[in-house]
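Heads up, the thing below is written out as structure tokens.
Quick note on labels: first sequence line is chain A, next is B, and so on, each numbered from 1. Note that this is a predicted model, so its numbers are computed, not measured.
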Number of protein chains: 2
Amino acid sequence: MTQNLTLESIGRLAGVSRSTVSRVINDQASVSPDVRDRVKEVIRLTGYAPNLAARSLVSGRTGVIGLVIPSRVHSLFEDPYFARLIQGISAASNPSGNTLSLFLFQNEEEESRLYPRVVTPGFLDGLVITATRMGDPLLARISNGEIPVVVVGRPDADGVSYVDVDNRGGAALAANHLCSLGYQRIGMIGAPTGTTAGADRLTGFVEGLAECDRVLQRNLREDGDFSESSGYEAMKKLIAREPDAVFVASDTMALGALRALKEQNIRVPEDIAIIGFDGLAPDRSSPILTTIRQPVMQTGSRAVELLNDLISGALAAPISEIMPVELVVGDTCGANLPEPRRKGSANEP
Amino acid sequence: MTQNLTLESIGRLAGVSRSTVSRVINDQASVSPDVRDRVKEVIRLTGYAPNLAARSLVSGRTGVIGLVIPSRVHSLFEDPYFARLIQGISAASNPSGNTLSLFLFQNEEEESRLYPRVVTPGFLDGLVITATRMGDPLLARISNGEIPVVVVGRPDADGVSYVDVDNRGGAALAANHLCSLGYQRIGMIGAPTGTTAGADRLTGFVEGLAECDRVLQRNLREDGDFSESSGYEAMKKLIAREPDAVFVASDTMALGALRALKEQNIRVPEDIAIIGFDGLAPDRSSPILTTIRQPVMQTGSRAVELLNDLISGALAAPISEIMPVELVVGDTCGANLPEPRRKGSANEP
DNA sequence: CTGAAAGCGCTAACAC
DNA sequence: GTGTTAGCGCTTTCAG
């Protein structure tokens, strides 16, 4: 079948030199229409495709961008967040002619062993790194610019380009929503504060409460690890402390929280209001979860776009961008209940 | 920093020729120990890494394997199944020195546009394709062996290598489990029969029921599309027809089914038994789901191993392998309830 | 055991 | 407009 096809052999078949074939392939101007057509026909007939290795050897570009998912978030990989993110990254890679390589490190050992390969110039054109953790050792090694990198999420290092979502603003939105509905004993199930997303959502929520002259009571906060079961466990602990509303820092954890409540026959939103974060579980809960939606796919796509700009030199690092979030009102906060929510009941010193 | 490092420059630094450096790098015997040490030291100091493009230009190998996820299953990408599969594939790729490229096609158009690139020799060493659908156009174009391919799942084409799980056997196990517990009105929420997995699970379940002299009543079967909400909807329809046990062909759909039941205050397993398939939601439901566990990660890893054998020529296509599944008894079938389940009640013409 | 030389398939000056 | 010619960095004979 298709084999041994080279510029040279195509040229021979079309009766031209290899340079001309190269010009046709790269859509360069200086080729007469008839020659161009003839060459294209031969290419079509033979099914010739240029050898990428040879091409990248001379051009210095590989056409490959890498997506690195560090080992510590590995266990979270099953959160639909990553599926969406990958979809967004893939969607933006294909049109730009890039191939996406996935680096899913199993553990620290593998990470440090394979890491050199990932940042070595000539292997990848650029890198997207998901960095949900603070003090990422990978980031430290990148700053000195071996290869263009864009981080998804806020890195806690300077000089690194990134795309983040407005975690603080979104969490504040959640706080305001709960306040405006009259809830009094407002709690939170947080994400790990060792991740910038977790830290930012906590900060934002506290700030949002402050805008309504409220504070987040110490005993009304539990943290999870982004998993469904951690949300379930956290909510079981909170129930005894009787919050009337809880902000859960991820939808997956919120599903766990709802499960815990249903198990105890606590009604949502009548007995307790729940608001999530992510916007990833639109129809997976009964009642439908009120949440803060972040544009996950777009975040991934935007990261690739910025990376392409970095690679082409159109932009110089570091650059950053914050994606907007929005409140999506569902049924778990009682916003749509006919009568206004409790206002000013529930007192506690 | 690190730049322009080539075999030549390393050789100069170490006072040897580029051939010798190449031999050291490729661990070839004929190099004297002292020279080898000297060269290695220079490599360490400079941080030199071979240019992969040049290497693959001469070797004909790229060290890259592709994972293709066709557009029709794209919407299902968020099922944790794919996350696990990717983990397995990635886990097996790294040690074998391969890089994993992900081809997540958004739609048919993109699929056929990018497809040539994917099967063109010289771009990828091999391909893993998830083929949950029948009549896959990609598979048709592959059979004539342009590039080594291993399919995950049973392809409905001949001559294609694949790794599948024992869907039929597993579904039969589920049927036997329900029969042995004495259930009478046994229903099923199936996966799309346009996927080989869906078809095989249906076949196996019917066969399993037959072993207990039962048939799957027409009106006790509804099909979903692997999504949580489709499981929810299917169960809502089934409820009125009063099955006392339901086999749900995927855990994700089973979670939806459980949600529908909880919403109607139907108790599991007291009022109805539920058994899933996949083993992906170990602690995500209350009560804990009884299910048929398939080794998803291992399936992915095995696919890569077979692919490597195909690439190296150690094995010749087509080859195939069926991974075993197992029954995991949870709390949704009442297997652990103190008293034996109802035996022989519920009559209907 | 080591070096010299050829060549993988392509792009990009540089001629004509 | 088109062909000729150098390499890109590497592996691999082939000499020595």
(message) Measuring only between side-chain heavy atoms, which start at C-beta, is Thr46(A) closer than 4.5 Å to Leu13(A)?
(response) yes
(request) With a 4.0 angstrom cut-off to heavy atoms of chain A, pull out the first and last contacting nucleotide of DNA chain D, in 5'-to-3' order. (result) dG1(D) to dG9(D)
(message) Rounded to whole Å, please give me the gap between CZ in Arg61(A) and C1' in dT11(C).
(response) 14 Å
(request) Nearest-nucleotide wise, let me know which of Thr20(B) and Ala54(B) is further upstream toward the 5' end of DNA chain C. (result) Thr20(B)
(message) Using only atom types and a distance under 3.5 Å, with no angle test, would you say the side chain of Thr130(B) pairs donor to acceptor with the backbone of Val152(B)?
(response) no
(request) Check each of Val150(B), Ile311(B), Val128(B) against Leu306(B) using the side chain to side chain contact (heavy atoms under 4.5 Å, CB included) test, and report the only one that passes. (result) Val150(B)
(request) Answer yes or no: is there a donor N or O on one side and an acceptor on the other, between the side chain of Asn26(A) and the main chain of Gln28(A), under 3.5 Å? (result) no
Just the atom pairs and distances: protein N or O near nucleotides 12-16 of chain C's N or O, under 3.5 Å.
none

(message) Any heavy-atom pair between the side chains of Ile147(A) and Leu124(A) that's under 4.5 Å?
(response) yes
(message) Check this for me: does any side-chain nitrogen of one of Arg302(A) and Glu305(A) sit under 4.0 Å from a carboxylate oxygen of the other?
(response) yes
(message) Without decimals, in angstroms, what is the distance between Asn51(A) CG and dG9(C) C1'?
(response) 6 Å
(message) With no hydrogens and no angle check, just 3.5 Å: does a side-chain donor-acceptor pair link Asn94(B) and Glu110(A)?
(response) yes
(message) I'd like to know if the side chain of Ser90(A) reaches the main chain of Ile86(A), judged simply by a donor and an acceptor atom lying under 3.5 Å from each other, with no hydrogens or angles considered.
(response) no
(message) Contact list please: residues 7-17 of chain B against DNA chain C, heavy atoms, distance less than 4.0 Å, in numerical order.
(response) Val16(B), Ser17(B)
(message) I'd like to know if Glu41(B) pairs up with Arg38(B) as an ion pair, taking the criterion as any Lys NZ or Arg NE/NH1/NH2 lying under 4.0 Å from an Asp or Glu carboxylate oxygen.
(response) no
(request) Taking the side chain as every heavy atom from C-beta outward, state whether Tyr162(A) and Ile322(A) have any pair of such atoms under 4.5 Å apart. (result) yes
